[in-house]
Amino acid sequence: MGIQEQYRNEAAELLSSGAVKLVIGYGGGSTPDRRRPVFVRSAEEVSRLVLDSYCVANLSAYLISEGLLSDGKNVAVFLKPDGIRSVNILSAEAQVNPDQVVILGFNIEGEQTTPLPGRKAADYAPLMESLRSSGLSPELQREADRLEQMSAVERFDYWKEQFAKCIKCYACRQVCPMCYCRRCIVDVNQPQWINTSSHTLGNFEWNIVRAFHLAGRCVACGGCDRACPVNIPLRLINHRMSKETLDIFGHFPGESADQKPVLATFRQDDPETFIL
Amino acid sequence: MAKIGVFVCHCGENIASMVDTGKLVTTISEHPGVAFSSEYKYFCSDPGQETVKKAIRENNLTGVVVAACSPRMHEQTFRKACAEAGLNPYMLELANIREQCSWVHTDKIQATDKAIEITRSLVEKVKRNNNLQPISVPVTRRAMVIGGGVAGIQAALDIASAGREVILVEREPSIGGHMAQLSETFPTLDCSQCILTPRMVEAVQHPNITVMTYSEVEEVDGYIGNFTVKVRQKARYVKMETCTGCGDCIQKCPVKKIPSDFECGLGNRTAIYTPFAQAVPNVPVIDRDRCTYFKNGKCKICQKTCQIDSIDFEQQDRMVSLEVGAIVVATGFQVQNTALYGEYGYGRYKDVITGLHFERLASASGPTAGKILRPSDGKEPETIVFLQCAGSRDAAKGVKYCSKICCMYTAKHAMLYAHKVHHGKTRIFYMDIRAAGKGYDEFTRRAIEEDQAGYIRGRVSKLYEENGKLIVRGVDTLLGKPVEVEADMVVLATAMIPQPDAKEFAKRIGIGYDEYGFYNEAHLKLRPVETATAGIYLAGACQSPKDIPDSVAQASAAAAKVLGLFSKEQLEREPVVASVSDSTCAGCWGCVIACPYNAIDRRDITDRNGNLIKRVASVNPGLCQGCGTCVSFCRSNSIDLAGFTEKQIFAEVMGL
Ligand SMILES: Cc1cc2nc3c(=O)[nH]c(=O)nc-3n(C[C@H](O)[C@H](O)[C@H](O)COP(=O)(O)OP(=O)(O)OC[C@H]3O[C@@H](n4cnc5c(N)ncnc54)[C@H](O)[C@@H]3O)c2cc1C
Ligand code: SF4
Ligand code: SF4
Ligand code: SF4
Ligand code: SF4
């Protein structure tokens, strides 16, 4: 039995036994290599579920839909390791109750899709530990290294060029599980901290604020990167911030559901390299 | 419409010499909203403040900007002036054109431009200021004194005698501190125990003082007037309530050869012990690490001996949480040991001792009953060499500072020795004799003139043992000649240093310290007994090396500060507090974690039927200190700080 079949059966069982009220999974998309989210509410519908190496989106973002979990009922969701990390973050930040989330975990390696044993976020603790040392894909790493080699001025120019393309569609925000704010800072206009126009300053302000808001929270699912209609390599900014919090504070985002937000905590042995 | 008054201060020459104040006034007077502007030599002076008040009244000003020094310096002054003229004091802003402008620039034209920008940005801010009302918070009128040395005891007694409750926390089994170890005290040579013990007894018996010995402060929460202190009461294994202090258990305890800290290792104690005979409270403790029962599960001789069943091997450490309004830190000092210098034998020679050892030898209640006998063989030394500044005033190997008391106690030691061993000879190597203080110079003169203290100005380069003698080699810098003395005993006046855990302790209770670990006062000259943390005060040698008169004087000063704070039932607090916008808060609780004062709670918002709609963060204005940490943390900008609202800050920044 293939993994898709196995998980369809599992979903059917979860739904028919009443263990969950909803399964959030992947379905066929507009082209053969695209997948779109599907929301399955009864065992009869499980045949809509698809699971293969094209299922890359981080579906945890749907868990924060207003009111979804407020009735106390459980929801099952298909998640890759990055998605499990975001469930941990959302739990740590009190946005979801991890007990209500049944995880149908899987991993993609090349063309291969393999199941990940475990059903609750906490079951994946050993996996989280092993992820700590995992880096970027080779090609992204090459790009990251290239940026790292640049002088500050060159790097600034690079990002200026990239950000110049931004059309302020906020797709990056919409796709991000961690962007659950009821009112995003970019929508604050009294005072208007961030220019909403798509000019250099406004684009810089937006993208830098977004990067800061994801410092120590980004799980590198690449959602923003894929969502961006103008192909800004957003993942690279987030990666840089993650590297920073990992190197300086040993913080690996989404490691556990009781992880404290790195920017809100203080330890006596925190390095104070930023104090001149 | 905003009517802002701008007052440009010359600060004598401080500002006027680098900023063209006339140009500043004319430029700013044209800025929208500025209804009045003027300049003056010293606005903080009486006539200066009158000008401000008059201008407020006559022009119905709605806001005031004083372009002068820092808010830390004069914000209060001008707030008061505003209030007296009928303007809400929070409608004032200080534009700092001194520290942040005139003092740090050398180009008058650029400095003037900068001063204009700074002032303009504050005008833009003050236009958006709101009237704020001070917050009243209740004061818990009970003090905690940490450290039961002479400083702590004095502070506790003074506060208690004025009618306020005090909790005195001491980590050793007895109060008394170093003074309990001293023999006689300069400059009067009165017996240390005789003047201290009555005060120790007075402290435990005082109805307003609760003495907690063998206890350590683990955590301090809260703020001035409202601290919560967690104290660990270590298990004594002896019941405080019933023990009569008869000491039978101590007599019978079979483990007798434990070097006593109180005797600086010159004497021994048992596993169940009081540090010294006059200990207060006179209730022993069991040293768990040395007790045979705790080690092997067998013995309990003390328990069998105790007639009233006061030994309790089951006792556990107890955590108590105490509410106090003020804290006096009086945790004292330590003396550096003799192992500090290679040239003095690295602590290898038994007869090279510290001044504190000497105190124990000279003390009537000490291990030698007051006879000066050297540690190695118990013989009376014929010649004693004293080395002053052993570790002090030595940037290379020791500490830079002067330990302040060593000149005096070395003279004292020379005298005590002369009184006890009439034929004894003393040689004191010194750098300077620092004897400033009432009766101090007279005291050292007396040592030289009446008690033949032999002072040699110079340092010692080598000290070694030969044929049972300690050979001390140095130079007499006055004669310019090398000297060599054969001594029977050498006393090092080692430096007075902070407690080994001083820095860690300071972090725990939230006060500052210097490079050594002595605690920092708020202002060396003007606020010497306050720390930078409101409501926490300092007394005694934990701040800097001090003798008894200084320690006691500072303790009384700290007590006066505490009593001043306790003179009112309510404390007025700055209304600079944060508040959360319920509609946008996402309930991520980041601010709850980030707030260093634990001032943010979770609050449920419910509908009329009590159903939960959402949970939001909620700031307790009594606890909020206005630090702004939550404001900068909140991603969705759901928190604002009164007096520093986003709108104000934004206007201020855009005004630049
Ligand atoms: C050799 C020598 C001779 C001296 N001779 C004289 C003299 O003749 N005349 C004179 O005026 N002065 C003399 N002094 C100085 C005198 O000893 C000090 O001025 C005085 O002891 C300072 O008192 P204190 O209360 O500040 O500190 P201490 O006496 O050190 O008392 C501090 C107390 O706090 C306690 N403590 C520390 N940390 C904690 C904690 N975290 N929690 C709870 N409790 C804590 C300690 O156990 C101790 O009981 C002499 C000093 C020395 C070293
Ligand atoms: S960008 Fe920041 S403020 Fe906006 S939704 Fe994301 S986390 Fe919230
Ligand atoms: S998705 Fe791309 S274009 Fe859209 S707001 Fe984000 S960075 Fe800008
Ligand atoms: S024998 Fe009992 S009463 Fe006497 S000192 Fe010891 S514990 Fe206290
Ligand atoms: S940080 Fe902001 S969003 Fe999060 S709980 Fe506090 S006020 Fe609410």
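Lettering follows sequence order; numbering is per chain, from 1. All values below come from the heavy atoms of this structure, side chains included, with hydrogens, waters and symmetry mates left out.
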Q: Measure Phe650(B) against the heavy atoms of chain A and call it side chain, backbone, both or neither at under 4.5 Å.
A: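 Phe650(B) touches chain A through backbone and side-chain heavy atoms alike.
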
Q. Non-hydrogen atoms of chain A under 4.5 Å away: do they reach the side chain of Ser583(B), the backbone, both or neither?
A.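 Backbone of Ser583(B) only, per the 4.5 Å heavy-atom cut-off to chain A.
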
**Q.** Geometric cation-pi criterion Arg85(A) and Tyr124(A), 6.0 Å radius, 45° cone
**A.**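 Verdict for Tyr124(A): no cation-pi partner in Arg85(A).
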
**Q.** Charged tip of Lys503(B) within 45° of Tyr516(B) ring normal and under 6.0 Å
**A.**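 That pair does not qualify as a cation-pi contact.
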
Q: Drop me the distance from Arg210(A)'s CZ to Ile185(A)'s CD1, to the nearest 0.5 angstrom.
A: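 Those atoms lie 14.0 Å apart.
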
Q: Verify whether the ring centers belonging to Phe204(A) and Phe156(A) lie closer than 6.0 Å.
A: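 Phe204(A) vs Phe156(A): aromatic centres under 6.0 Å.
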
Q.
Taking 4.5 Å as the heavy-atom cut-off, does anything in residues 584-620 of chain B contact chain A, and if so which residues?
A.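 The stretch touches chain A at Thr584(B), Cys585(B), Ala586(B), Gly587(B), Cys588(B), Trp589(B), Gly590(B), Ile593(B), Ala594(B), Lys614(B).
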
(Q) Could you check whether any side-chain N or O of Ser60(A) sits under 3.5 Å from a backbone N or O of Ser86(A), counting only pairs where one atom can act as donor and the other as acceptor? (A)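 Absent.
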
Q: Evaluate the criterion side-chain hydrogen bond (donor to acceptor under 3.5 Å, both in side chains) for residue pair Gln648(B) and Thr645(B); output intermediate values, then yes/no.
A: CA-CA 5 Å; Gln648(B) 286 171 293; Thr645(B) 60; 3.0 Å; yes

Q | Salt bridge flag under 4.0 Å for residues Lys243(A) and Asp247(A) | A |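 Answer for the salt bridge query: yes.
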
Q: Side chain from CB out, backbone as N, CA, C, O: work out which of these in Gln95(A) comes under 4.5 Å of a heavy atom of chain B, or both, or neither.
A: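 Only the side chain of Gln95(A) comes within 4.5 Å of chain B.
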
